[in-house]
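Letters A, B, ... mirror the listed sequences (proteins, then strands); counts begin at 1. Worth saying up front: this structure is predicted, and the values here are computed from it rather than measured.
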Amino acid sequence: MTTRIVELRRGILKKNDELAAGLRASYAAAGVLVLNLVSSPGTGKTAFLEWTLRELRTHGARVAALVGDLETDNDARRLAASGAPVRQINTHGICHLDAEMIGKHLDGWEGVTLGGLDYLFIENVGNLVCPSSYDLGEKIRVALLSVTEGEDKPLKYPTMFNSADAAVITKMDIAEPCGFDRGLALRNINEIRPGMRIFETSAKMGTGMDEWLAYLEEKRGGWNG
Amino acid sequence: MHELSIVASIVDTVTESVVAYKGARVVEVRLRVGALASVVEDSLQFCFGIATEGTALEGSRLVVKTVPVVMHCAGCDADVELDGVQSFRCPRCSEPCFDLRQGRELEIEAIEIDEMNEVEETV
């Protein structure tokens with residue numbers, strides 16, 4: 001027997017990264033801005049996205065959404081009420097979306113082509129750990145947290161918040177009864193991802209949404225394919 | 001808990017890599033895991049034992065090397081190592097750092113294999 005060391009230097013998620021790179025190239029070629037929304041379960045991703053889809057459609061934008069969930073299609077049905085095309089991805093127990101699932105669900109999506117969209121939103125499975133490892137080819141990763149979750153969420157999930165491009169605080173309409181310490185939450189986000197854009201919103205009241213829509217438009221405008 | 005998916009991917013990659021070494025047995029798999037990679041070593045070890053059963057990796061050791069976070073500090077114009085992942089500020093000048101240079105790694109660095117010698121093979 002001879003012992004030998006074989007250098008591999010191989011990324012464990014290489015297959016996902018390669019698929020994501022392919023997706024990123026096809027999004028760019030189609031000129032569609034793709035956003036990946038991540039948060040804990042119950043943060044209000046669906047309500048926030050419902051509002052966003054409706055408003056963007058009112059402004060004449062062409063939008064669609066892919067929504068990941070372990071089992072039900074409840075979120076897809078809620079989002080479809082906005083009038084936007086929505087496709088459910090059931091992961092059947094898998095705690096994150098990966099690039100392969102996205103590719104499969106983009107193929108054969110009736111009535112939807114990437115070239116016919118301005119924005120594609122991907123609502124990830126509610127989980128702040130595992131989705132951080134899986135690139136979906138998105139241009140913008142949005143981490144959401146609600147005022148009910150505790151201001152230290154960014155410190156507890158630094159990988160997710162550090163890999164995000166924007167943060168959205170949801171349910172601002174109930175911040176006061178929840179005793180939400182706004183200054184502390186902003187400081188914590190800034191500690192983990194200095195300089196990140198932060199939106200303080202309430203989908204229920206429409207608070208902070210103009211700023212969010214302006215950000216989307218700005219990012220879309222700066223998107224040169 | 002995506003460690004099982006990660007371990008499954010390790011098993012696939014290593015299995016492919018040892019095909020070239022006829023009759024080789026995998027003794028050790030060495031990983032480099034960034035402090036920001038979101039994987040837990042205990043979970044990896046647990047899943048590794050299960051996922052390697054009946055494969056070329058059965059009975060092998062999993063060795064995990066943690067890679068610290070390194071940021072580029074614009075003020076100091078230097079790459080600086082962070083003490084942890086609770087504050088992304090330069091440990092020298094305390095200014096916020098925006099540019100991550102290291103810490104998200106999740107890779108198989110190398111494997112150690114026992115190869116059968118030619119003589120043994122012909123016997």
Could you check which of B:E105, B:R32, B:R104 has the highest count of heavy-atom pairs closer than 4.5 Å to chain A? B:R104
Going by salt bridge (charged side-chain N to carboxylate O under 4.0 Å, His left out), B:K65 matches just one of B:E28, B:E109, B:E107. Which one? B:E109
Interface moiety of A:S132 toward chain B, non-hydrogen atoms closer than 4.5 Å: side chain
Proximity breakdown for B:R30 and chain A, heavy-atom pairs closer than 4.5 Å: side chain
Answer yes or no: are there more than 12 heavy-atom neighbours, outside A:R182 itself, under 6.0 Å from its atom CZ? no
What part of B:A24 gets within 4.5 angstrom of chain A, counting heavy atoms only: side chain, backbone, both, or neither? neither
For the pair A:H96 and B:H2, name the ring-plane relationship: parallel under 30°, tilted 30 to 60°, perpendicular over 60°. perpendicular
Should the heavy atoms of other residues, nucleotides or ligands under 6.0 Å from CD of A:E71 be counted, would the total exceed 12? yes
Salt bridge between A:E100 and A:K15, side-chain N to carboxylate O under 4.0 Å? yes
B:S17 versus chain A, heavy atoms under 4.5 Å apart: side chain, backbone, both or neither? side chain
At a 4.5 Å cut-off on heavy atoms, which part of A:Y134 comes close to chain B: side chain, backbone, both, or neither? side chain
